[in-house]
2 protein chains.
Amino acid sequence: MTDLAQRRVTIPGRRQRVTISDLAESLGLAKGTVSRALNGYPDISESTRLRVKHAAEAMGYSPLSHAQAIRTGVVRSVGLVLQTTEHDGHRPFLASFLAGISEAASEADWSLTLATASSNEDTERVLGRLVGAHKADGFILPRTYMDDPRIDFLKKNHVPFVLFGRTRDPEGCAWYDIESEVAIEEAVCILYGLGHRRIGFVPGRDGYTFSELRLEGYRSGLAMCGLPDAPELIGQGALNPEAGEAAARELLTLENPPTALVFSADRAAFGGYTAAETLGLKIGRDVSVVSYDGLLEGGMLSPALSTFSVDMRQAGVRLTELLIRRIRGEAPEDLRELAQARFVARGSHGQPSMSPAELARRVSKELKSQGRN
Amino acid sequence: MTDLAQRRVTIPGRRQRVTISDLAESLGLAKGTVSRALNGYPDISESTRLRVKHAAEAMGYSPLSHAQAIRTGVVRSVGLVLQTTEHDGHRPFLASFLAGISEAASEADWSLTLATASSNEDTERVLGRLVGAHKADGFILPRTYMDDPRIDFLKKNHVPFVLFGRTRDPEGCAWYDIESEVAIEEAVCILYGLGHRRIGFVPGRDGYTFSELRLEGYRSGLAMCGLPDAPELIGQGALNPEAGEAAARELLTLENPPTALVFSADRAAFGGYTAAETLGLKIGRDVSVVSYDGLLEGGMLSPALSTFSVDMRQAGVRLTELLIRRIRGEAPEDLRELAQARFVARGSHGQPSMSPAELARRVSKELKSQGRN
DNA sequence: TCTGTTGCCGAAACCGGTTTCGGATCTTCT
DNA sequence: AGAAGATCCGAAACCGGTTTCGGCAACAGA
């Protein structure tokens, strides 16, 4: 007995489910005929089609999707592998994302097969398992990298997929993405419009496509406003509060510090609040902050975080629709869609209350007084 | 052509997947023999079993789970229907819950089929759809009610399930639950130990089993400490910040107000912070707060919320293990498990700084001064 | 009237597995 | 040596659907 033997399960109540043969028999038709009637084949007369349809409803018949799948090769399920590591920012809006996917899937009478993984390697393993057993007909790939091994794997195995994000080589890829670079650009312009002239930026983590795009957005924002490109104003990558705090502190203790900070991610911005506090600065007054993600928790901070909000439910819906179309054979080039984030102005940004020089003096005084204690 | 016709999908690349027949042919065996070898039947010699196993690995064979399901009746998938309504508190720890389920499912080579619904009625509809197409072999039912229609439905259809929670009639039910009533009881005792003598309680919403249990926990906590049962100290049910604020405000503006509040849910406690602020009270000093859920966001508040933390990953793992055993035929009575929440002492509770009478004076003075403005 | 079409359905193969049944070999015992 | 078991595997049925193929009947056209 190998371990496989133990995997087998006994059939429980074996309750009597209405099969297509039952239905056919009670109608006096061949089961093939019933199948074609239910699936809308043109060689079935309208009258029998209706007769079958009504009988099916009356008898409560619904086909087993896996029985259909054995012949059609389609299990009517979209796959999603989530990475649940700490620095993973999509946890907060996970519920609405899943709701969007599930909603769109239900609409087409599909379902969602979900799995989680703890690392990039694990993700590939899990993906391999799901593909191997054909648990899903295609996959939504969240948080894509510029060079993404998942894409290579799925391409090689001819498994349909759609990216939530973009990637370096668009060949064969369908996607839906939020143009966060546009949002970051807008953030810079908003701050410029309020009078800020030194605007710092805390990027995301290397590798993620969105990180590079947001950095581009920052640069193009500066260019649009006629501000010089000052490399020292670009902090270290951060996607969580700890890293965000470190990055913000580094920027705010520069000799010529920024009076406003733009964060790539809300969770990093949360750390920015801590950094400001420890430097004796009040966000929204002494230093402006604009961020990206639109997390609800940002509203609980004081002042509430100004941020670009993303409609994750809608993202889930669109991704699912695109994926199903992709599975049905449409070309990936025709399945690409971009959307915009929406600015939620709350209390963390405003006009600069001091010049960079004054800010620097404030900070160094505060640091000195802390040093004495 | 009915709408059903459009649902059919074309088979794409039709890539050549290794079937059990391929494997059998290349081994010179009958496919039935190969199947029995892989599934550990005792009538296969050890030598052929190994030969088959190695060949399967070499050729990269993995059975289609839906092809197996057609004969065995088991699709190797656990089902979960989440309700994503606003007042739904489990959104924040959803990721770890799902990770737990997925992890335990993978361990047994099962997968997770997830769906969402927007209301109780919708939940039943979605559940019906999944059961109808046999998308899962059994279900995890989160957030159970004392009288839960989902339970009736699944029982009637002989579909295995396991509760995350408890219910009025335990007949035929397997479950895993956190004894939150014990936690609430402990919360009362902790506050009593610090010197509080009037301790208010904000329950959850009617219907949920956990709400009633936590209320019981509150009462038994009072009894254990020898405190009288004062009905006016029990606020209105609240599971979100808005309702929590209203409930807390009502309690704190009593003639003889509590100096400490116990909340059934963190999200309600968040509203308690707002209520305290608007009444000019500082949580942790003027009024103590202890809550339940262990949300990470509570740590971002100032002072950080003292709360009972629940290991949702572990809950997911145990629920899945219990469900799979249930599906394999074990009796529900043998599949019941309770666990405890863990107290996370942070900054929102402490010794009372004033008597209820002084507190009442403070509050009424604050209200008057607000009235004048 | 005879021949094509066309419309409609039955019969059977098929999908990729699992499970039952029976039979051939190989031991073991008398 | 012959009979009785035990061991191991092949053949075929089966699960619940889908799809192909062919034939019958009705109808149209010549």
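Proteins come first, then strands; the chains are lettered A, B, ... in the order of their sequence lines, and each starts at number 1.
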* Among residues two or more places apart or on two chains, list those pairs meeting salt bridge (charged side-chain N to carboxylate O under 4.0 Å, His left out) that have a residue in residues 125-135 of chain B. =>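 Applying salt bridge (charged side-chain N to carboxylate O under 4.0 Å, His left out) to every pair that reaches into residues 125-135 of chain B, excluding sequence neighbours, yields A:Asp109-B:Arg129, B:Asp122-B:Arg125.
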* To do: Could you pull out all residues at least two apart from A:Glu171 that satisfy side-chain contact (heavy atoms from CB on, under 4.5 Å)?
  =>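 A:Glu171 satisfies side-chain contact (heavy atoms from CB on, under 4.5 Å) with A:Lys155, A:Asp169 only.
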* To do: Go through the structure and list residues passing side-chain contact (heavy atoms from CB on, under 4.5 Å) with B:Asp43, not counting sequence neighbours.
  =>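 B:Asp43 satisfies side-chain contact (heavy atoms from CB on, under 4.5 Å) with B:Arg36, B:Tyr41 once adjacent residues are dropped.
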* Partners meeting ring-ring contact (aromatic ring centres under 6.0 Å, His included) with A:Phe164 (sequence neighbours left out) ->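 With neighbours one apart ignored, the set is A:Phe97.
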Separation of [N] [atom2] from [X] [atom1] (nearest whole Å):
X: A:Arg76; N: D:dT18; atom1: CZ; atom2: C1'; answer: 13 Å
X: B:Asn39; N: C:dT20; atom1: CG; atom2: P; answer: 12 Å
X: A:Arg49; N: C:dG7; atom1: CZ; atom2: C1'; answer: 12 Å
X: A:His134; N: C:dG17; atom1: NE2; atom2: C1'; answer: 15 Å
X: B:Asp22; N: C:dC15; atom1: CG; atom2: P; answer: 11 Å
X: A:Ile70; N: D:dG16; atom1: CD1; atom2: P; answer: 12 Å
X: B:Arg71; N: C:dC15; atom1: CZ; atom2: P; answer: 18 Å
X: A:His66; N: D:dT18; atom1: NE2; atom2: P; answer: 12 Å

Throw together a table of side-chain donor-acceptor distances under 3.5 angstrom for residues 54-67 of chain B, partners on residues two or more places apart or in other chains.
from: B:His54; atom 1: ND1; to: B:Leu50; atom 2: O; distance (Å): 3.3
from: B:Ser62; atom 1: OG; to: A:Gly132; atom 2: O; distance (Å): 2.8

Residues which pass salt bridge (Lys or Arg N to Asp or Glu O under 4.0 Å) with [X], listed by chain and number, not counting sequence neighbours:
X: A:Glu25; answer: none
X: A:Asp152; answer: none
X: B:Asp22; answer: none
X: B:Glu124; answer: none

* To do: Could you check B:Arg318, B:Arg166, B:Arg143, B:Arg336 and say which one makes a salt bridge (charged side-chain N to carboxylate O under 4.0 Å, His left out) with B:Asp177?
  =>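 Per the salt bridge (charged side-chain N to carboxylate O under 4.0 Å, His left out) rule, the option paired with B:Asp177 is B:Arg166, out of B:Arg318, B:Arg166, B:Arg143, B:Arg336.
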* Which residues within residues 24-36 of chain B lie with some heavy atom under 4.0 Å of an atom in DNA chain C? ->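 Of all residues in residues 24-36 of chain B, the ones placing a heavy atom under 4.0 Å from DNA chain C are B:Lys31, B:Gly32, B:Ser35, B:Arg36.
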* **Five-pair end axes of the helix from C:dT1-D:dA30 to C:dT30-D:dA1, angle between them (10°)** => 50°
* Asked: Within less than 4.0 Å of OP1 or OP2 of C:dC9, is there a side-chain N or O belonging to A:Tyr41?
  -> no
When you compare the protein's N or O atoms with those of nucleotides 5-8 of chain D, which come within less than 3.5 Å of each other, and at what distance?
none

* Look at the side chain of A:Ser102 and the backbone N and O of B:Thr116, then say whether any donor-acceptor pair between them is shorter than 3.5 Å. => yes
